[in-house]
Amino acid sequence: MIHKLGLGTVQFGCSYGIANKTGQVSKDEAFKILEFARREGIKTLDTSAAYGTSEAVIGEFINQEKFDFDIVSKFTSQGQDVEEIFKESLRRLRSKNLYGYLFHRFDDFRNNADLWKSLERLKNEGLLRKAGFSLYLPEELELLLKKKIIPDILQVPYSVFDRRFEPYFPTLKEMNVELHARSIFLQGLVYLDPDQLSEKLFKARKPLEDLRKISQGHQIPLSALCLNYAVSNPYLDKVIVGVDSLEHLKEHVKNLEFLNKILSLKERLNCLTIQDEDILLPYKWS
């Protein structure tokens with residue numbers, strides 16, 4: 001199942017995640033992570049122009065190692081020309097083209113639907129293989145479907161706690177949409193001590209406690225439960241995992257060994273679903 005893993009690189013360019021205690025990954029460590037990913041057969045890299053120096057670090061590695069990953073980057077328009085933003089990303093990534101390019105903020109599309117035509121032009125010019133969206137809310141997807149816009153790639157949050165997009169998966173696969181899952185650890189929330197949650201996150205206490213009981217009862221790490229829960233979904237093409245060290249990525253790869261055990265626990269894990277978007281949407285935590 002290693003082919004389903006995609007490497008999230010936000011921490012190559014900035015400090016990220018509610019449970020992050022190590023900060024931004026050094027360039028040397030990022031290079032070790034990328035080399036290990038290459039050797040293990042992880043081909044997809046997820047990045048963004050908004051991830052600090054992430055694109056530049058990836059570009060420097062690719063330039064030195066002459067190895068091609070399938071790179072998916074994202075943009076925010078902020079009133080700028082999208083095709084120029086795209087070409088700036090190409091320069092930082094030292095690439096002639098990109099596998100995927102996504103709207104990072106749906107409001108950019110909501111405010112100017114013609115931006116989608118810019119991505120289609122990039123595809124027609126051979127600079128981009130797949131265009132799409134990184135979404136947060138199912139109503140964003142509903143609007144795309146209403147406008148009859150079918151992305152090549154959709155990146156959505158999905159985890160043992162967050163299954164809001166799951167009802168759409170069969171239809172999207174019929175449309176040949178490539179589905180990428182992110183936030184499978186809910187930006188680190190799954191690792192927090194249930195007894196030390198902030199008032200804003202208190203509603204997550206019971207699901208977190210139940211997840212820990214399953215983890216301890218079956219001697220399966222929390223990270224393995226969450227990773228394999230997503231990997232086992234047959235509709236997902238890629239599961240994006242962010243890492244803060246080489247050892248962290250090695251841990252994710254080793255955790256794939258628990259896949260068969262997690263399959264037998266799916267019904268119990270399905271019961272942990274959270275509906276409250278105040279918990280599921282990290283931008284509401286602060």
Side-chain angles (χ1 to χ4, degrees), residues 2 4-65 67 69-76 88-89 92-95 98-102 104-105 134 136 155-159 161-162 180-192 221-224 226-227 230-231 238-256 280-283 285-286:
I2 189 104
K4 289 189 75 166
L5 292 190
L7 179 61
T9 66
V10 60
Q11 287 178 196
F12 290 7
C14 53
S15 180
Y16 178 81
I18 195 171
N20 182 2
K21 297 179 181 178
T22 59
Q24 181 178 336
V25 174
S26 70
K27 186 175 74 173
D28 286 347
E29 188 73 1
F31 278 21
K32 291 176 184 177
I33 291 168
L34 289 166
E35 176 59 31
F36 179 78
R38 181 187 70 83
R39 291 200 312 268
E40 290 295 311
I42 298 172
K43 286 209 63 180
T44 299
L45 301 183
D46 177 78
T47 186
S48 170
Y51 292 169
T53 56
S54 174
E55 288 183 330
V57 170
I58 293 168
E60 187 173 342
F61 177 83
I62 290 173
N63 186 58
Q64 290 183 17
E65 301 299 325
F67 184 82
F69 287 96
D70 290 336
I71 300 174
V72 178
S73 193
K74 299 180 282 291
F75 72 93
T76 54
E88 288 174 5
S89 284
R92 285 190 291 270
L93 289 162
R94 307 193 195 192
S95 298
L98 284 186
Y99 179 80
Y101 201 51
L102 314 180
H104 207 158
R105 295 190 328 147
S134 176
Y136 285 86
Q155 186 186 101
V156 298
Y158 181 78
S159 70
F161 295 145
D162 187 356
H180 293 194
R182 69 169 190 278
S183 296
I184 63 169
F185 307 109
L186 204 45
Q187 293 195 12
L189 178 66
V190 298
Y191 300 120
L192 297 187
L222 285 172
S223 56
C226 296
L227 174 64
V231 167
K238 297 293 176 183
V239 174
I240 307 300
V241 292
V243 299
D244 53 31
S245 67
L246 173 60
E247 291 307 311
H248 195 186
L249 180 55
K250 287 181 177 179
E251 176 189 327
H252 285 322
V253 172
K254 184 172 178 57
N255 278 342
L256 291 172
L280 299 178
L281 300 173
Y283 64 77
W285 294 350
S286 58

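Source: prediction; values computed, not measured. Excluded from the calculations below are hydrogen atoms, water molecules and symmetry mates; all remaining heavy atoms, backbone and side chain alike, are included.
- Proximity of P221 to E251: side-chain heavy atoms (C-beta onward) are nowhere separated by under 4.5 Å.
- The aromatic rings of Y101 and F75 lie parallel to each other, with less than 30° between the two planes, well short of the 60° mark.
- For the pair I2/I42, a side-chain contact is recorded, criterion being any heavy-atom separation below 4.5 Å from C-beta on.
- The distance from the CH2 atom of W285 to the CG atom of L186 is 4.5 Å, given to the nearest 0.5 Å.
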*asked:* For D46 and H180: C-alpha separation, side-chain torsions, deciding distance, then whether side chain to side chain contact (heavy atoms under 4.5 Å, CB included) applies.
replied: CA-CA 10 Å; D46 177 78; H180 293 194; 5.7 Å; no

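- The closest side-chain heavy-atom distance from S95 to I71 is below 4.5 Å.
- When each of S73, S134, S48 is checked for a side-chain hydrogen bond (donor to acceptor under 3.5 Å, both in side chains) with H104, only S48 meets the rule.
- In this structure the side chain of T53 reaches within 4.5 angstrom of the side chain of Q24, judged on heavy atoms.
- Smallest separation of non-hydrogen atoms from V231 and K4: O-NZ, 2.8 Å.
- R94 and N63 get closest at one heavy-atom pair: NH1-ND2, 2.9 Å.
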*Going through the checks in order, is the side chain to side chain contact (heavy atoms under 4.5 Å, CB included) test met by Y99 and T44?*
CA-CA 9 Å; Y99 179 80; T44 299; 5.7 Å; no

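- For the residue pair S183 and S159, the shortest heavy atom distance occurs at O-CB, 3.7 Å.
- Between L34 and F69, the shortest heavy-atom distance links the atoms O-CZ, 3.6 Å.
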*asked:* Evaluate F161 against C226 for side chain to side chain contact (heavy atoms under 4.5 Å, CB included), listing each step before the verdict.
replied: CA-CA 9 Å; F161 295 145; C226 296; over 6 Å; no

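- Looking at S245, its side chain does come within 3.5 Å of a backbone N or O of H248 through a donor-acceptor pair.
- When only modelled atom types and interatomic distance are considered, T47 and E55 share no side-chain donor-acceptor pair under 3.5 Å.
- Of the inter-residue distances, the one linking L249 atom CG with K32 atom NZ reads 13.5 Å to the nearest 0.5 angstrom.
- The nearest pair of heavy atoms linking L93 to I62 is O-CD1, 4.3 Å.
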*asked:* If you apply the rule side chain to side chain contact (heavy atoms under 4.5 Å, CB included), what do you find for R92 with I58, and how did you get there?
replied: CA-CA 8 Å; R92 285 190 291 270; I58 293 168; over 6 Å; no

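- Remark: E247 engages K250 in a salt bridge, criterion side-chain N to carboxylate O under 4.0 Å.
- For the atom pair Q187 CD and L281 CG, the distance stands at 10.0 Å (nearest 0.5 Å).
- Using modelled atom types, no side-chain atom of Q155 and backbone atom of A181 make a donor-acceptor pair closer than 3.5 Å.
- Side-chain contact check for F12 versus L7: some heavy-atom pair is nearer than 4.5 Å.
- Taken to the nearest 0.5 Å, the CD1 atom of I240 stands 9.0 Å off from the CG atom of L45.
- Put simply, CG on L227 and CD1 on I184 are 4.5 Å apart, with the number rounded to the nearest 0.5 Å.
- Note that the OG1 atom of T9 and the CD atom of Q11 stand 10.0 Å from one another [nearest 0.5 Å].
- Cation-pi geometry between R38 and F31 is not met: the NZ or CZ atom fails to fall both under 6.0 Å from the ring centre and inside 45° of the normal.
- Remark: aromatic rings of F185 and Y191 are close, center separation under 6.0 Å.
- Scanning all heavy atoms of the two residues, the minimum distance from Y136 to P157 falls at O-CG, 4.1 Å.
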